[in-house]
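Accompanying notes for the structure given below.
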Amino acid sequence: MAKVAIVTGGTRGIGEAISLALKERGHTVVANYAGNEEKAKAFTERTGIAAYRWDVGDHEACLVGCKRVEDEVGPIDIVVNNAGITRDGVLHKMTFDDWNEVMRINLGGCFNMAKATFPGMRERKWGRIVNIGSINGQSGQYGQVNYAAAKSGIHGFTKALAQEGAKFGVTVNAIAPGYIDTDMVAAVPATVLEKIVARIPVGRLGAAKEIARGVAFLCDDEAAFVTGSTLSINGGQHMY
Ligand code: CAA
């Protein structure tokens with residue numbers, strides 16, 4: 001059944017692929033974005049998907065933004081918490097701001113979006129929340145204590161909220177992407193990235209579409225029995 005879906009960080013990279021995949025499945029999709037006005041405008045022109053600007057790390061902005069979407073588009077039944085940033089660096093060089101911004105946006109964003117939308121899903125007895133975690137939240141990564149902690153937190157958040165949503169028809173799942181061909185991964189120094197790719201059994205970076213396909217599955221009506229799970233899509237780089 002067609003639903004209203006919101007994808008945070010939904011105008012670029014993995015988020016863009018997710019927005020398109022959900023639209024292809026007949027949902028009315030809204031893409032949230034934080035700052036890149038030009039890219040968001042081009043995205044809307046290209047896809048016909050409305051883009052709404054706010055910072056998911058800002059609690060109040062999420063409440064106001066989601067209310068606006070619900071007034072203008074309809075009750076939100078699907079949330080994909082995809083927005084995330086990196087501020088990589090070894091701990092002894094990492095600033096408190098690097099730590100705090102990654103926690104505030106990557107993990108705080110999931111809480112803020114859930115606070116804004118979960119009560120409605122619970123009342124309507126149907127909902128899908130998909131949180132984008134990371135292989136680096138599962139295994140850790142040199143130079144990413146902030147990102148790994150936030151992503152690991154997302155996996156815990158997912159399992160806890162899944163228990164709260166289960167009896168109300170609200171499923172909460174996570175996807176743990178590996179290294180995907182996006183701007184975020186392109187920012188990793190080439191020599192470091194080369195070594196990472198060499199450790200991926202499939203022998204390449206993933207495509208954003210390969211993550212989007214997993215999200216679309218988890219949002220499906222027929223995925224009602226899948227909750228609290230983490231789907232790893234990483235080319236075999238980390239298996240557990
Ligand atoms: N394991 C052990 N040692 C390592 C290492 C590793 N994985 N990576 C680097 N080192 C060592 C280096 O060999 C070097 O040692 P020496 O000083 O003895 O030569 C030392 O650490 C410093 O390395 P750098 O010169 O690279 O240090 P830097 O401060 O310039 O940069 C860094 C450190 C920012 C962490 C950089 O190595 C880096 O960007 N790494 C990639 C981090 C990464 O994978 N980020 C993922 C981003 S994409 C993403 O997060 C999406 C997702 O979900 C998967």
Side-chain angles (χ1 to χ4, degrees), residues 7-19 21 33-36 39 56-57 80-110 113 129-159 173-215 218 229-240:
V7 182
T8 68
T11 64
R12 297 169 55 197
I14 293 175
E16 171 169 8
I18 295 169
S19 296
Y33 69 103
N36 198 325
K39 285 218 167 139
V56 294
V80 183
N81 285 311
N82 164 76
I85 62 163
T86 52
R87 290 274 188 93
D88 293 355
V90 287
L91 179 86
H92 67 275
K93 292 185 197 164
M94 189 178 284
T95 64
F96 178 69
D97 193 51
D98 294 333
W99 165 264
N100 209 35
E101 276 300 275
V102 169
M103 296 303 285
R104 186 182 76 82
I105 294 169
N106 297 17
L107 183 55
C110 292
M113 288 299 292
I129 297 179
V130 180
N131 301 315
I132 305 300
S134 169
I135 186 174
N136 293 348
Q138 297 171 311
S139 66
Q141 168 63 36
Y142 190 100
Q144 282 200 314
V145 293
N146 50 2
Y147 187 87
K151 292 295 188 178
S152 190
I154 286 177
H155 294 301
F157 175 89
T158 299
K159 290 175 199 171
N173 291 288
I175 290 197
Y179 282 73
I180 308 301
D181 191 6
T182 58
D183 291 348
M184 184 183 273
V185 167
V188 174
T191 48
V192 176
L193 191 57
E194 223 169 82
K195 286 186 196 146
I196 291 171
V197 175
R199 291 201 308 268
I200 303 174
V202 169
R204 62 171 174 87
L205 295 175
K209 268 188 176 176
E210 292 172 307
I211 304 302
R213 188 125 194 258
V215 174
L218 292 170
S229 75
T230 299
L231 177 58
S232 295
I233 306 179
N234 62 28
Q237 190 182 344
H238 180 69
M239 305 179 187
Y240 91 121

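For ligands, and for the atoms within them, numbers begin at 1 and follow the listed sequence. Please read all numbers here as calculations on a predicted model, not as lab measurements.
- Selection from Gly89, Pro177, Ser134, Gly133 by nearest heavy atom to atom 53 (O) of ligand 1 gives Ser134.
- Taking a distance limit of 4.0 Å, we find that atom 21 (O) of ligand 1 is approached by some protein heavy atom.
- A distance-only check finds a donor-acceptor pair linking the side chain of Glu210 to the backbone of Ala207 [under 3.5 Å].
- Leu193 does not count as a contact of ligand 1, since none of its heavy atoms falls under 4.0 Å from the ligand.
- When non-hydrogen atoms are compared, ligand 1 lies under 4.0 Å from the side chain of Pro189 (C-beta onward) but not from its backbone.
- Inter-residue side-chain proximity for Asn131 and Phe157 is flagged as met; some heavy-atom pair is nearer than 4.5 Å.
- Among protein heavy atoms, the minimum distance from atom 35 (C) of ligand 1 is reached at Gly143 CA, 3.5 Å.
- For atom 7 (N) of ligand 1, a protein heavy-atom neighbour is found at a distance under 4.0 Å.
- Separation of atoms CD1 (Ile154) and NZ (Lys159) is listed at 13.0 Å; rounding is to 0.5 Å.
- Taking the side chain as every heavy atom from C-beta outward, Ser232 and Gln138 approach each other to under 4.5 Å.
- Residues Val215 and Ile132 form a side-chain contact, since some pair of their non-hydrogen atoms from C-beta on lies under 4.5 Å apart.
- The nearest protein heavy atom to atom 29 (O) of ligand 1 is closer than 4.0 Å.
- Side-chain contact between Thr86 and Val102 is absent, with no heavy-atom pair separated by less than 4.5 Å.
- At the shortest separation from atom 48 (S) of ligand 1 among protein heavy atoms lies Val185 CG2, 3.8 Å.
- Formation of a donor-acceptor pair under 3.5 Å by the Asn81 side chain with backbone atoms of Met113 is not found in this model.
- Using a 4.5 Å cut-off on side-chain heavy atoms (C-beta onward), Thr11 and Glu16 make no contact.
- The closest approach between any non-hydrogen atom of Gly178 and ligand 1 is below 4.0 Å.
- The closest protein non-hydrogen atom to atom 40 (N) of ligand 1 is Val192 CG1, 3.7 Å.
- Under 4.0 Å is where a charged nitrogen must lie from a carboxylate oxygen, and between Glu101 and Arg104 at least one such pair does.
- In summary, the atoms of ligand 1 found under 4.0 Å from a heavy atom of Gln141, numbered by their order in the structure, are 42 (C), 43 (C), 44 (O).
- Of all the heavy atoms of Ile196, the ones lying under 4.0 Å from any atom of ligand 1 belong exclusively to the side chain.
- Side-chain atoms of Thr230 and Ile175, non-hydrogen and from C-beta on, never get closer than 4.5 Å to each other.
- Tyr179 OH, 2.8 Å is the protein heavy atom nearest to atom 44 (O) of ligand 1.
- Closest heavy-atom approach to atom 54 (C) of ligand 1 among the candidates Asn106, Ile14, Asn136: Asn136.
- Of all protein heavy atoms, the one lying nearest to atom 9 (C) of ligand 1 is Tyr142 CE2, 3.4 Å.
- Considering only non-hydrogen protein atoms, atom 33 (C) of ligand 1 sits nearest to Val90 CG1, 4.4 Å.
- Side-chain atoms of Leu205 and Ile180, non-hydrogen and from C-beta on, never get closer than 4.5 Å to each other.
- Inside a 4.0 Å radius of atom 24 (P) of ligand 1 there is not any protein heavy atom.
- Remark: ligand 1 atoms within the under-4.0 Å shell around heavy atoms of Val188 are 41 (C), 45 (N), 46 (C), 47 (C).
- In this structure, atom 42 (C) of ligand 1 has a protein heavy-atom contact shorter than 4.0 Å.
- Taking each of Lys93, Met94, Met184 in turn, the one with a heavy atom nearest to atom 49 (C) of ligand 1 proves to be Met184.
- For atom 16 (P) of ligand 1, no protein heavy-atom neighbour is found at a distance under 4.0 Å.
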Applying salt bridge (Lys or Arg N to Asp or Glu O under 4.0 Å) to Arg87 and Asp97, what does each step give before you reach the verdict? CA-CA 9 Å; Arg87 290 274 188 93; Asp97 193 51; 3.4 Å; yes
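- Near Asp88, with a cut-off below 4.0 Å to any heavy atom, the atoms of ligand 1 are 42 (C), 43 (C), 45 (N), 46 (C), 47 (C).
- Which of Lys195, Gln144, Lys151 comes nearest to atom 50 (O) of ligand 1 through a heavy atom is settled by distance: it is Gln144.
- Atom CD1 of residue Ile135 and atom CE of residue Met239 lie 10.0 Å apart, to the nearest 0.5 angstrom.
- Protein heavy atoms are found inside the 4.0 Å sphere centred on atom 2 (C) of ligand 1.
- Using a 3.5 Å distance cut-off with no hydrogens or angles, the side chains of Asn136 and Tyr179 do pair a donor with an acceptor.
- One N or O on the side chain of Asn82 and one on the backbone of Gly9 form a donor-acceptor pair closer than 3.5 Å.
- Put simply, the side chain of Ser229 never gets that close to the backbone of Asn173: no donor and acceptor are under 3.5 Å apart.
- At least one N or O atom of Tyr147, backbone or side chain, sits closer than 3.5 Å to an N or O atom of ligand 1.
- Residue Thr86 approaches ligand 1 through these ligand atoms, each under 4.0 Å from one of its heavy atoms: 50 (O).
- Protein heavy atoms are absent from the 4.0 Å sphere centred on atom 12 (C) of ligand 1.
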